[in-house]
Engineer: 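Provided herewith is a single structure, encoded as structure tokens, for subsequent inquiry.
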Amino acid sequence: MTTIAPEDTGQEALFDATIAADERIEPRDWMPDDYRASLVRQIAQHAHSEIIGMQPEANWITRAPSLRRKAILMAKVQDEAGHGLYLYSAAETLGTGRDELLDKLHTGRQKYSSIFNYPTLTWADVGAIGWLVDGAAITNQVPLCRCSYGPYARAMVRICKEESFHQRQGYELLLTLSRGTEAQHAMAQDAIDRWWWPSLMMFGPPDDESAHSAQSMAWKIKRHSNDELRQRFVDICVPQAETLGLTLPDPDLRWNEERRHWDFGPIDWTEFREVLKGNGPCNDERIGRRRRAHQEGAWVREAAAAHAAKHPAHTPHAGTDQEEAAR
Ligand code: FAQ
């Protein structure tokens, strides 16, 4: 049997034309293998970040200073689990199951964001994560709502709405601390001092060292480079820090009238690379806890599978919500 190359059937031309016209590629469409693989890589890393990202904040649920703060934090951590679900589902539409991706996470073959390998030492860290980490996530992810792959772009729309609520709760938390007692103000400042630089690293390596950016931008998976988004984030944060009454820990921050952007100091890329290699302050703790949670949850997955086998009509994919309700 002779294999027909995609260029001979017009599939590749159709894919290229769809990208050029800024239209969406959907799961049923033909796509190049490398496009599919790159999406799975990025979406999986993103999904893993959402679920590992639950850990640093969950650390403070039992110690939140009021019932209101505790309820907000619990809702936020639950939202992150939901984001993980949307993203694993988006990866499934590319033919890669959640079990396979989790296995790659647990065996160190796929990454999660460097930021979640730093410890949450004080309550103010919950505010710093909301303001800076969620703020960086939004800056990076709003353009992903226009990603060329439909299911990922649609998942991002919902995620970004929730992330912007997360960002505002962090900002409000820090504002309260900053305007509180001297000790509370100092705690907020200390959190910003520790989270600022790792937040800038979330955007990935500088453009000239970014292995995937050029191809991802040509495919319209990414819409902006790592450095462009990092600069956008700095420009947003400087005036916000001023309103908060807190200082960003960078003596080189200066408004550049010519560029109409804030100049900032050098990032410690050695630290970034070490964290990616597994040598950050909390890498072992985070992945160890994730593996344990997966093992301890095995009985839940087995029970759910056994239930689904006994009652196929009641599995979520068997019918519409209305059909379910009518039963
Ligand atoms: N950490 O060639 P590039 C959140 C890797 S937000 C770890 O530039 P690319 C919300 C990269 O994967 C955080 N690894 O790669 C939340 C690649 O390695 P690979 C998650 C990093 O893909 C808030 C290599 O370096 N958000 O979770 C990092 O073009 C609060 C070369 O890099 C997303 O994932 C890093 N910081 O650009 C949750 C957004 N940076 O794959 C809880 C979607 C780079 O070859 C609480 N992802 N690497 O093994 C993206 O936009 C992109 O993947 C970038 C990297 C921008 C992260």
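Counting starts at 1 for both ligands and their atoms, following the listed order.
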Engineer: Which of the atoms in ligand 1, numbered in the order shown and given with their element, are less than 4.0 Å from a heavy-atom of Gly53?
Structural biologist: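 Answer, ordered by atom number: 42 (C), 46 (C).
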
Engineer: Run the side chain to side chain contact (heavy atoms under 4.5 Å, CB included) check on Lys310 and His307 step by step: do they pass?
Structural biologist: CA-CA 5 Å; Lys310 270 197 217 157; His307 179 80; 5.7 Å; no

Engineer: Could you list the atoms of ligand 1 found under 4.0 angstrom from a heavy atom of Asn140?
Structural biologist: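 So the answer, numbered in order with elements, is 39 (C), 43 (C), 51 (O), 56 (C).
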
Engineer: Judged on heavy-atom distance to atom 26 (N) of ligand 1, which of Arg223, Met156, Gln141 sits nearest?
Structural biologist: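 It is Gln141 that holds the nearest heavy atom.
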
Engineer: Relative to the heavy atoms of Ser210, which atoms of ligand 1 are at a distance of less than 4.0 Å?
Structural biologist: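 The list of qualifying atoms is 2 (O), 3 (P), 8 (O).
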
Engineer: Answer with side chain, backbone, both or neither: which part of Tyr112 has a heavy atom less than 4.0 angstrom from an atom of ligand 1?
Structural biologist: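 Backbone only; the side chain of Tyr112 stays clear of ligand 1.
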
Engineer: What distance do Asp227 atom CG and Asp208 atom CG have between them, rounded to the nearest 0.5 Å?
Structural biologist: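 The distance works out to 7.5 Å.
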
Engineer: Can you find a non-hydrogen atom of Gln110 under 4.0 Å from ligand 1?
Structural biologist: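 Contact check Gln110 vs ligand 1: negative.
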
Engineer: Please list, in number order, the atoms of ligand 1 under 4.0 Å from a heavy atom of Phe203.
Structural biologist: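 Those atoms are 56 (C).
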
Engineer: Checking Leu85 against Arg98 for the side chain to side chain contact (heavy atoms under 4.5 Å, CB included) test, could you report, in this order, the C-alpha distance in whole Å, the side-chain angles of both residues, the deciding distance, and whether it holds?
Structural biologist: CA-CA 9 Å; Leu85 274 178; Arg98 206 187 318 171; 3.6 Å; yes

Engineer: Between Arg223 and Asp22, is there a salt bridge with N-O shorter than 4.0 Å?
Structural biologist: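 Yes, this pair counts.
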
Engineer: What verdict does the side chain to side chain contact (heavy atoms under 4.5 Å, CB included) test give for Leu248 and Val238, after you've listed the backbone C-alpha separation in whole Å, the side-chain angles of each residue and the deciding distance to 0.1 Å?
Structural biologist: CA-CA 8 Å; Leu248 297 173; Val238 173; 4.1 Å; yes

Engineer: Could you check atom 28 (C) of ligand 1 against the protein and tell me its nearest heavy-atom contact, residue, atom and distance included?
Structural biologist: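 Atom 28 (C) of ligand 1 sits closest to the protein heavy atom Phe272 CZ, 3.7 Å.
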
Engineer: With a cutoff of 4.0 Å, is Glu57 in contact with ligand 1, counting heavy atoms of the residue only?
Structural biologist: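 So Glu57 counts as touching ligand 1.
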
Engineer: Quick one: nearest non-hydrogen protein atom to atom 10 (C) of ligand 1, plus distance?
Structural biologist: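 For atom 10 (C) of ligand 1, the nearest protein heavy atom comes out as Glu163 OE2, 3.4 Å.
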
Engineer: Are Leu94 and Tyr152 connected into the same hydrophobic cluster when the rule is that any two of I, L, V, M, F, W, Y join if their side-chain heavy atoms are below 4.5 Å apart?
Structural biologist: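 Yes; tracing contacts between hydrophobic side chains, which count when under 4.5 Å, links both residues.
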
Engineer: What are the two closest non-hydrogen atoms of Asn283 and Gly278, and how far apart are they?
Structural biologist: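 Residues Asn283 and Gly278, closest heavy atoms: ND2-CA, 3.2 Å.
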
Engineer: Going by the atom numbers of ligand 1, which of them fall below 4.0 Å from some non-hydrogen atom of Ala211?
Structural biologist: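 Under 4.0 Å from Ala211, ligand 1 has these atoms: 2 (O).
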
Engineer: Show me which atoms of ligand 1 lie under 4.0 Å from any heavy atom of Tyr152.
Structural biologist: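 In order of numbering, the contacting atoms are 43 (C).
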
Engineer: List the residues meeting side chain to side chain contact (heavy atoms under 4.5 Å, CB included) with Asn226, not counting sequence neighbours, and say none if there are none.
Structural biologist: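 Asn226: side chain to side chain contact (heavy atoms under 4.5 Å, CB included) contacts with Pro205, Asp207, Ser210, Ser213, Lys222, Arg230.
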
Engineer: Does Met201, backbone or side chain, put an N or O under 3.5 Å from an N or O of ligand 1?
Structural biologist: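 Yes; the residue has a nitrogen or oxygen that sits under 3.5 Å from a nitrogen or oxygen of the ligand.
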
Engineer: For ligand 1, which atoms, with element, lie under 4.0 Å from some heavy atom of Asp134?
Structural biologist: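 Atoms satisfying the 4.0 Å criterion: 23 (C), 30 (C).
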
Engineer: Could you tell me the residue and atom name of the protein heavy atom closest to atom 41 (O) of ligand 1, and the distance to it rounded to 0.1 Å?
Structural biologist: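 The closest heavy atom on the protein side is Arg41 NH1, 2.8 Å.
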
Engineer: Side chain or backbone of His46 under 4.0 Å from ligand 1, or both, or neither, by non-hydrogen atoms?
Structural biologist: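 Under 4.0 Å from ligand 1, His46 contributes backbone and side-chain atoms.
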
Engineer: Got a protein heavy atom sitting under 4.0 Å from atom 54 (C) of ligand 1?
Structural biologist: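 Under the 4.0 Å cut-off, atom 54 (C) of ligand 1 has no protein heavy-atom neighbours at all.
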
Engineer: For Gln42 and His212: C-alpha separation, side-chain torsions, deciding distance, then whether side-chain hydrogen bond (donor to acceptor under 3.5 Å, both in side chains) applies.
Structural biologist: CA-CA 10 Å; Gln42 177 167 326; His212 305 291; over 6 Å; no

Engineer: How far is atom 18 (O) of ligand 1 from its nearest protein heavy atom, and which residue and atom is that?
Structural biologist: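 The closest one turns out to be Lys111 NZ, 3.2 Å.
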
Engineer: Using non-hydrogen atoms of the residue, decide whether Pro205 is closer than 4.0 angstrom to ligand 1.
Structural biologist: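 It does; at least one heavy atom falls under 4.0 Å.
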
Engineer: If the cut-off is 4.0 Å to any non-hydrogen atom of Leu276, which atoms of ligand 1 fall inside it?
Structural biologist: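 Ligand 1 atoms under the 4.0 Å threshold to Leu276: 1 (N), 7 (C), 14 (N), 25 (O).
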
Engineer: Of the protein's non-hydrogen atoms, which lies at the shortest distance from atom 48 (N) of ligand 1, and what is that distance?
Structural biologist: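 Here the nearest protein heavy atom works out to Gln45 OE1, 4.0 Å.
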
Engineer: Taking atom types as modelled, find out whether Asp134 and Gln167 have a side-chain donor-acceptor pair closer than 3.5 angstrom.
Structural biologist: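 No - no donor-acceptor pair under 3.5 Å links their side chains.
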
Engineer: Thinking salt bridges, do Arg232 and Glu228 make one under a 4.0 Å N-O criterion?
Structural biologist: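 No, no charged N to carboxylate O under 4.0 Å.
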
Engineer: Classify the side-chain pair His185/Glu182 by whether it contains a donor and acceptor separated by less than 3.5 Å.
Structural biologist: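 Per modelled atom types, His185 and Glu182 side chains form no pair under 3.5 Å.
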
Engineer: Identify the protein heavy atom lying closest to atom 37 (O) of ligand 1, giving its residue, its atom name and the separation to 0.1 Å.
Structural biologist: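 Going atom by atom, the protein heavy atom closest to atom 37 (O) of ligand 1 ends up being Lys222 NZ, 3.0 Å.
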
Engineer: Given the rule in the side chain to side chain contact (heavy atoms under 4.5 Å, CB included) test, do Trp269 and Arg273 qualify, once you have shown the distances and angles that lead to the verdict?
Structural biologist: CA-CA 6 Å; Trp269 292 113; Arg273 282 189 287 271; 3.8 Å; yes

Engineer: Taking 4.0 angstrom as the limit, do Arg289 and Glu285 come out as a salt bridge?
Structural biologist: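 The answer is no: the pair does not qualify as a salt bridge.
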
Engineer: Say whether Ser114, considering both its backbone and side-chain N or O atoms, lies within less than 3.5 Å of an N or O atom on ligand 1.
Structural biologist: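 Checking ligand 1 against Ser114, an N or O pair does fall under 3.5 Å apart.
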
Engineer: Starting from atom 40 (N) of ligand 1, find the nearest protein heavy-atom neighbour and note its residue, name and distance.
Structural biologist: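 Nearest protein contact, heavy atoms only, for atom 40 (N) of ligand 1 is Gly204 CA, 3.1 Å.
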
Engineer: Tell me the contacting part of Val275 for ligand 1: side chain, backbone, both, or neither, using a 4.0 Å heavy-atom threshold, strictly below.
Structural biologist: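 Neither; nothing of Val275 gets under 4.0 Å from ligand 1.
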
Engineer: Students should be able to answer this: which protein heavy-atom is nearest to atom 50 (C) of ligand 1, and at what distance?
Structural biologist: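 For atom 50 (C) of ligand 1, the nearest protein heavy atom comes out as Gln42 NE2, 3.6 Å.
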
Engineer: Could you check Lys76 against Glu80 for salt bridge (Lys or Arg N to Asp or Glu O under 4.0 Å), going step by step and ending with a plain yes or no?
Structural biologist: CA-CA 7 Å; Lys76 179 181 193 293; Glu80 312 299 359; 3.0 Å; yes

